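Protein chains get the first letters and strands the later ones, always in sequence-line order, with residue 1 at the start of each. Everything numeric in this text was worked out from a predicted model, so none of it was measured.
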Number of protein chains: 2
Amino acid sequence: MRRLPPLGSLRAFEAAARLESFKDAAAELGVTPTAISHQVRLLEEELGTPLFIRRTRKVVPTASGLDLAARLGSAFEVMADAVAQARPRPGRRLATLSATLAFSARLLVPRAGRFRTLHPGWDLRLHASDEAVDLIAGEADAAIRYGRGSYPGLVSVPLMSECFAPVCSPRIAPTRLEDLRRANLIHFDWLLARSHNKTPSWSDWAEKAGLAGFDATAGLTFTDENSAIEAAVAGQGVALLSLPLLAPELRSGVLIQPFGPVIEGLGFDFVFPEGAENRPEVATLRDWVLGELGPALVPSATPSAGET
Amino acid sequence: MRRLPPLGSLRAFEAAARLESFKDAAAELGVTPTAISHQVRLLEEELGTPLFIRRTRKVVPTASGLDLAARLGSAFEVMADAVAQARPRPGRRLATLSATLAFSARLLVPRAGRFRTLHPGWDLRLHASDEAVDLIAGEADAAIRYGRGSYPGLVSVPLMSECFAPVCSPRIAPTRLEDLRRANLIHFDWLLARSHNKTPSWSDWAEKAGLAGFDATAGLTFTDENSAIEAAVAGQGVALLSLPLLAPELRSGVLIQPFGPVIEGLGFDFVFPEGAENRPEVATLRDWVLGELGPALVPSATPSAGET
DNA sequence: GCAATGGATGAGATGAATTCATCCATGAGG
DNA sequence: CCTCATGGATGAATTCATCTCATCCATTGC
């Protein structure tokens with residue numbers, strides 16, 4: 001548990017240190033200078049160290065005080081921003097969409113600009129987390145889920161199907177299947193991140209590819225999909241990754257899919273609570289997401305080089 | 001001025017959201033669950049938006065609540081760290097040294113490890129700021145100042161003299177003085193950062209080098225010395241920079257000094273308040289700084305390549 | 001169906017934070 | 001050199017925000 005001095009004394013101190021004046025700090029906080037003086041003394045006693053050198057007509061922070069004030073200042077800054085964000089802005093509506101970290105970073109963030117033009121007057125909050133939020137409880141208005149497409153209590157609209165294939169930087173591209181035996185493999189620990197859904201591993205893939213005696217264990221392992229992607233782009237090895245999520249990289253050529261086979265995964269669905277179909281938040285998000293990522297709008301899986 | 005809800009309600013809310021339970025939050029903060037309930041309600045009214053969906057036996061944050069709680073959580077984290085830092089640790093002593101951003105980053109931080117071995121039991125605080133602190137008031141125990149070496153009320157011990165010369169990445173090294181006419185110049189806006197001391201500019205240098213009709217205005221300008229150094233390392237051009245501060249880069253060869261002349265600057269001094277010579281903080285810092293950076297311990301200015 | 005759990009609510013108690021009245025030190029102005 | 005104005009310190013009094021208490025309610029597990 002966190003041990004903190006009275007918060008009021010921290011705020012009083014921060015203002016006093018920033019303004020180098022109890023009087024001004026008092027004005028800023030709307031109290032009398034006496035209050036600041038008491039609060040600062042309280043904090044100094046609590047911490048057991050002086051925070052100010054008292055000089056006539058002004059007050060100078062000590063080394064510790066200077067440091068503390070700077071850090072507290074940024075903490076209050078963060079708080080003020082957070083609170084301002086949480087406070088509903090009149091005339092603006094907010095829609096919250098939840099998705100996994102990778103999906104959000106890869107497919108939603110790059111399209112967020114379109115949301116603004118599509119729905120002026122609306123603000124978009126992307127809640128990127130690999131833990132599923134409780135849509136029925138209202139933790140978000142809608143979400144993008146990976147799975148079989150049936151979620152109790154939720155309506156799901158299919159978006160795209162997931163598929164996995166080997167990808168790597170063109171700089172290190174193996175040209176034949178056999179080359180893979182000597183390649184560095186990049187593993188993404190799917191299981192951890194996406195709960196119970198089955199994970200396509202390199203051994204699954206080797207089996208499908210008919211590669212006998214393939215050592216599918218060596219290499220780098222990541223628990224964060226974005227890191228695995230970055231490693232692949234950096235030429236650290238060959239990764240077995242989601243093709244839909246890599247559309248931009250495959251299109252620009254920083255990653256290529258040297259050969260098959262492709263493993264079919266489950267699907268991505270746009271989901272929202274039953275009975276919420278007419279809520280404006282849901283309609284707005286649905287509009288945007290289906291318009292941007294609906295079926296056939298994301299390049300499907302076709303090998304970009306090589307045989308088989 | 002920052003407008004914030006009562007801080008207590010923010011803390012209560014953050015704990016409740018993190019633990020998804022008013023009861024647990026109450027236990028963490030050492031109050032009754034009722035208190036949390038009241039504080040959260042207060043905050044919700046103040047913000048004008050619900051932060052929790054109340055369900056039986058637990059309480060689930062809304063989308064806004066989730067977001068707010070995460071931000072508040074990190075703000076409290078920062079505060080707790082700051083306070084823990086400010087609280088004097090028994091048996092440990094703290095010495096605070098102030099220096100400019102660039103001096104600190106270039107010459108002090110890399111040598112901070114030695115401080116620990118030299119003075120076990122002491123903690124070092126480096127206060128890096130381009131604004132001079134008030135040593136007499138006690139804002140720091142000692143400082144490193146750039147100037148003529150005489151500071152009223154302070155004792156100064158000369159450390160090294162400053163000098164400036166053209167430096168650049170070996171990849172783009174001009175070999176003759178004349179090449180400089182076509183080179184990209186990197187300017188560092190000394191005046192802004194180091195108060196009233198005179199600034200060695202490219203035109204000062206051109207004059208000393210006897211380059212007539214030299215256009216000393218083109219190029220990149222930085223107000224932060226470290227950025228200027230980074231730009232030079234990145235091969236963005238030729239910079240007129242401090243040689244003592246670039247000792248590591250010059251030694252490793254990522255930067256070279258293609259030719260002279262060298263402009264002599266003022267000096268760096270280790271300074272502390274008069275009468276403080278026997279304070280243990282001052283003695284400790286003096287010991288370290290003079291041992292590491294005393295005269296002749298930093299490579300002096302010698303061209304590393306090329307002619308005059 | 002009943003007890004246990006966890007939260008909501010309103011009134012009242014408590015004590016932390018603010019103010020008031022006063023004092024002190026310094027520096028500016030005459 | 002004296003006086004005044006400024007800004008902070010201090011302790012007692014007071015206010016008001018926060019907490020607790022007593023009670024109630026809804027849900028869930030047995």
For this session: Shoot me the first and last contacting nucleotide of DNA chain D against chain A, ordered 5' to 3', at under 4.0 angstrom to non-hydrogen atoms.
Result: dA5(D) to dA12(D)

Exercise. At under 4.0 Å between heavy atoms, what does Ser9(A) touch on the DNA or RNA strands: base, sugar-phosphate, or nothing?
Worked result: nothing

Exercise. Heavy atoms under 4.0 Å, any strand shown: does Leu42(A) hit a base, just sugar-phosphate, or nothing?
Worked result: sugar-phosphate

Problem set entry | His38(B) NE2 - dA13(C) P separation (whole Å) | 16 Å

Exercise. Between the side chains of Arg125(B) and Ser64(A), does any donor sit under 3.5 Å from an acceptor?
Worked result: yes

For this session: Give one of base, sugar-phosphate or nothing for Arg54(B), where a contact means two heavy atoms less than 4.0 Å apart.
Result: sugar-phosphate

Exercise. What is the ring orientation for Trp288(B) with Phe115(B), classed by angle as parallel under 30°, tilted 30 to 60°, or perpendicular over 60°?
Worked result: perpendicular

For this session: Could you check how far NZ of Lys58(A) sits from C1' of dA25(C), rounded to whole Å?
Result: 15 Å

Exercise. Got a salt bridge between Glu44(A) and Arg54(A), using NZ or NE/NH1/NH2 to carboxylate O under 4.0 Å?
Worked result: yes

Problem set entry | Ring centers of Phe13(A), Phe52(A) separated by less than 6.0 Å | yes

Problem set entry | salt_bridge(Asp123(B), Arg93(B)) N-O dist < 4.0 Å | no

Exercise. Does any pair with a residue in residues 79-98 of chain B pass ring-ring contact (aromatic ring centres under 6.0 Å, His included), and if so which ones, sequence neighbours excluded?
Worked result: none

For this session: May I ask you to say what Arg41(A) touches in the nucleic acid, namely base, sugar-phosphate or nothing, with a heavy-atom cut-off under 4.0 Å?
Result: sugar-phosphate

